[in-house]
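These notes are about the structure you will find just below.
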Amino acid sequence: MSWFQKLMPSRIRTEGGKSRKVPDGLWTKCKACEAVLYRPELERALMVCPKCDHHMALTGRARLAAFLDEDGRIELGQNLRPTDPLRFRDTKRYRDRLIAAQKSTGETDAMVVMRGALMELPLTACAFDFKFMGGSMGSVVGERFMVGVNSALEHRQPLVCFASSGGARMQEGLFSLMQMAKTSAGLAKMAEAGLPFVSVLTHPTTGGVSASLGMLGDINVAEPNALIGFAGPRVIEQTVREQLPEGFQRSEFLLEKGAIDLIVDRRELRAKLHQLLSLLMGGRGDGRLREGPVESIDAAVEESPADGVD
Amino acid sequence: MTSNHLDFEQPIVELEAKLAELRNVGTSQELNLDEEIQRLEAKCAERIESVFSGLTDWQVSQMARHPERPYTLDYIPRVFDRFQELHGDRMFADDHAIVGGLAAIDGRACMVIGHQKGRDTKEKIHRNFGMPRPEGYRKAKRLMEMANRFGLPIFTFIDTPGAYPGVGAEERGQSEAIARNLLVMARLRVPIICTVIGEGGSGGALAIGVGDRTNMLQYSIYSVISPEGCASILYKSADKAEIAAGALGLTAEKLKAQGLIDSVIREPLGGAHRNPDEMAQRLKELLVSQLETLDRMTDSERLEARYDRLMQLGALERE
């Protein structure tokens, strides 16, 4: 069983081996280049198409599993559960939407937080789960992010956040808007404590998440071709009544406009973030960098820049 | 008063027109219509009260966007003196959807910042309908940091449909501009008092809305998304805005009950636009008293209290 499957909750895991020789989902079609890909191989490549480098979605849990060292991970803020403060109902009740999202993802809300290490560099990491109601930020997401901030403050570690979110969770009304203020205030504390925050923007990150913690990294990193912006493209098109240019609000556009520091291929993220964080944390102690450990898990990547790290 | 009133104000407007006519007749022909006028005045007041005692959340939303509603620049001369507007973000432009400057309140120097909408078509366009671009938020940040350097308390007035969703705004980093203000406002050492005077439209409102106190005028709204936006996304139809307004819990009263804001400022009978002077007076009284309270705290006490208030925002359970 692959690491990816191990992470999937048992109720949605396909126990294919027993009843069928060829389980469903052994092959996946790349949405970008339509190549038919062998699933285990794709998972080894962290869901990046080996043919066209298209970055497919990762769940929050898979993201952290791929990012953090295997040893010593501790999940934080698991005890937090969403509520329905407005008894909100649109075409469905918010309560029912929550239950459906919890069933389909196996998560309790749209963010996973863990303390662990990145190539032996201790840190705290948070990841949004876009599959959980579009990664929308409600009270639990905001509070879990703060659990992450507080863990980083307490242990004097860097914080990394992988964003993928449509924005604030409308069903929680103003409570969700206020999570923008809450998480940003937490990041102000990080800055005062001299601890780095790296924001990794993945496809897609818009609205209230982009307009708060997403853009507040000491370093803002994006995965290739991710849609990142304040307003969604459809809203902008309706406002300006013209078609938006190709590539508008994509990572490469943001780099060009000065909104992000760099674009990093997912398969190189561990090495690149280790390089950045060890340098950012390098001003402590005697200011001498110690020999960095060598990247080991992405042997699948041919041109890993890991040996260039320290 | 032709199209400058809302549907539900129609009966009030009709009564008022009749009243004005009677008064005209009364003065020109020296007939004694006093009794009739008094009767009508009483009826008018009664009508206003009955209409306004049972406003739906959607009607409150309409009041918040009333074409005659007082805007920031209507309140500033009534609440503050010695106001001098300051312009520009020093990087790109001066955004007319946000105004700000030095002023005095009750003999105390301060900084005032607010969204500004336009009254007629030309001014609406000039003010971009009160929807700021990044340079507006960066101007606000510049002024707030200046206030912080000189120990001046900050008063903000929120009245925007939201941050402008345009191509240029995105290119210049709308998200970052909003986010940066949230971070900066959380840590400024001077008192910050925020008041929603009309529309509190999402992140575009919050970007000048982080502080020690949050107030709302009685018929203002504060929401994560406009009722129309919510309707078109969740109800799949913009016509459901009325229902969405009810679901979002965006009125001052509801938000106060949820503990999300500090004070609701009662509006004069029939709304702020019917008596801007009285509205401004009530607003000023609250601002002055809140400032007095905040002044009694040390900078670090106030900062800690502000941080704790932010951290408490949320509705969740712990297992």
Side-chain angles (χ1 to χ4, degrees), chain A residues 78-86 88-91 138-140 142-143 146 168-189 191-192 206-208 210-216 228-232 235-236 239-240 244-245 248-249 253 257-259, chain B residues 134 162-167 169-187 200 202-207 209-210 222-225 229-231 233-236 240 243-244 247-250 254-255 258 260-261 306-307 310-319:
Chain A
Q78 283 166 295
N79 62 327
L80 304 169
R81 294 286 180 281
T83 61
D84 180 13
L86 304 180
F88 195 93
R89 183 191 184 119
D90 46 80
T91 51
S139 300
V140 168
E143 182 67 19
M146 281 312 304
R169 187 172 296 166
M170 280 176 269
Q171 291 89 346
E172 290 186 23
L174 205 69
F175 282 105
S176 61
L177 185 74
M178 291 303 162
Q179 303 312 307
M180 294 171 65
K182 180 172 175 171
T183 54
S184 301
L187 291 174
K189 273 260 163 103
E192 274 173 19
T206 56
S210 157
S212 61
L213 60 97
M215 279 295 164
L216 290 176
I228 302 158
F230 174 67
V235 175
I236 299 173
T239 310
V240 302
L244 298 171
F248 180 68
Q249 293 184 310
F253 171 91
K257 298 295 172 191
Chain B
Y164 186 62
V167 174
E170 293 289 328
E171 287 178 339
R172 296 193 293 280
Q174 187 72 290
S175 286
E176 194 275 346
I178 294 169
R180 188 64 55 192
N181 281 15
L182 303 180
L183 184 144
V184 166
M185 292 183 88
R187 303 311 284 168
S202 195
L206 186 64
V210 179
Y222 201 178
S223 182
V224 64
I225 186 166
C230 177
I233 297 171
L234 289 182
Y235 299 81
K236 313 286 176 210
K240 300 275 171 69
I243 301 169
L248 284 165
L250 41 63
K254 284 188 176 173
L255 293 168
Q258 299 266 26
L260 285 161
I261 60 162
R306 189 187 302 160
Y307 190 79
L310 287 169
M311 291 309 121
Q312 277 160 19
L313 294 169
L316 47 81
E317 281 164 5
R318 285 164 210 277
E319 273 202 350

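Each chain gets a letter, A, B and so on, in the order its sequence line appears, and its residues count up from 1. Since we're looking at a predicted model, the values are computed, not measured. All heavy atoms count here, side chains included; hydrogens, waters and symmetry mates do not.
- The part of B/I233 that comes within reach of chain A is its side chain, from C-beta onward, which places non-hydrogen atoms under 4.5 angstrom from that chain.
- Between the side chain of A/T83 and the backbone N or O of B/A315, at least one donor-acceptor pair lies under 3.5 Å.
- Put simply, the side chain of B/R180 reaches to within 4.5 Å of the side chain of A/L216, judged on heavy atoms.
- Heavy-atom distances place no part of B/A231 under 4.5 Å from chain A, backbone and side chain included.
- Proximity to chain B is absent for every atom of A/L213, based on heavy atoms less than 4.5 angstrom apart.
- With hydrogens and angles ignored, the 3.5 Å screen pairs no side-chain donor or acceptor of B/E171 with any backbone N or O of A/K257.
- No other option in B/Q312, B/Q174, B/R187 has as many heavy-atom pairs under 4.5 Å with chain A as B/R187.
- Counting only heavy atoms from C-beta outward, the side chains of A/F88 and B/C230 approach each other to under 4.5 Å.
- Heavy atoms closer than 4.5 Å to chain A are found in the side chain of B/L206, but not in its backbone.
- Counting heavy-atom pairs under 4.5 Å between each of B/G203, B/S202, B/S223, B/A207 and chain A puts B/S202 at the top.
- Of the listed residues (A/L174, A/V140, A/I236, A/T206), the one with the most heavy-atom contacts under 4.5 Å to chain B is A/L174.
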Trace of the side-chain contact (heavy atoms from CB on, under 4.5 Å) decision for A/L80 with B/E317: CA-CA 6 Å; A/L80 304 169; B/E317 281 164 5; over 6 Å; no
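- With a threshold of 4.5 angstrom between heavy atoms, B/V167 approaches chain A through its backbone and through its side chain.
- A/M146 touches chain B through its side chain: at least one heavy atom from C-beta onward sits under 4.5 Å away, while N, CA, C and O do not.
- Pairing each heavy atom of B/V210 with each of A/A181, the nearest pair is CG2-CB, 3.9 Å.
- For A/S212 against B/A179, the heavy-atom pair with the smallest separation is O-CB, 3.3 Å.
- In this structure, chain B has a heavy atom under 4.5 Å from the side chain of A/V240, while its backbone stays farther away.
- A donor-acceptor contact shorter than 3.5 Å links the side chain of A/Q179 to the backbone of B/L313.
- Between chain A and the residues B/L310, B/L234, B/L255, the most heavy-atom pairs under 4.5 angstrom are made by B/L234.
- When each of A/A168, A/P245, A/S176, A/A188 is scored by its heavy-atom pairs under 4.5 Å with chain B, the top score falls to A/A188.
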Verdict with reasoning, B/K240 to A/D90, per side-chain contact (heavy atoms from CB on, under 4.5 Å): CA-CA 10 Å; B/K240 300 275 171 69; A/D90 46 80; over 6 Å; no
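- Across every non-hydrogen atom of A/L86 and B/A247, the tightest pair is CD1-O, 3.7 Å.
- Interface residue B/Y307: only side-chain heavy atoms are found under 4.5 Å from chain A.
- Of the inter-residue distances, the one linking A/M180 atom CE with B/L183 atom CG reads 12.0 Å to the nearest 0.5 angstrom.
- Between B/L260 and A/M178, some side-chain heavy-atom pair lies under the 4.5 Å cut-off.
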Show, in sequence, the C-alpha distance, side-chain angles and deciding distance for B/L316 and A/F175, and conclude whether the side-chain contact (heavy atoms from CB on, under 4.5 Å) test is met. CA-CA 10 Å; B/L316 47 81; A/F175 282 105; over 6 Å; no
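- To the nearest 0.5 Å, atoms CD1 (B/I243) and CZ (A/R89) are separated by 11.0 Å.
- Heavy-atom pairs under 4.5 Å with chain B were tallied for A/A191, A/G138, A/G186, A/P82; the largest tally goes to A/G186.
- A/A185 touches chain B through backbone and side chain together, each having a heavy atom under 4.5 Å away.
- Of all heavy-atom pairs between A/E143 and B/M311, the closest is OE1-O, 4.1 Å.
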After noting the C-alpha distance and the side-chain angles of A/R81 and B/R318, does the key distance pass the side-chain contact (heavy atoms from CB on, under 4.5 Å) rule? CA-CA 6 Å; A/R81 294 286 180 281; B/R318 285 164 210 277; over 6 Å; no
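- Interface remark: A/Q78 contributes no atoms to any contact with chain B (heavy atom separation under 4.5 Å).
- Of the residues considered (B/V224, B/L250, B/I178, B/I225), B/V224 shows the highest number of contacts with chain A, using heavy-atom pairs under 4.5 Å.
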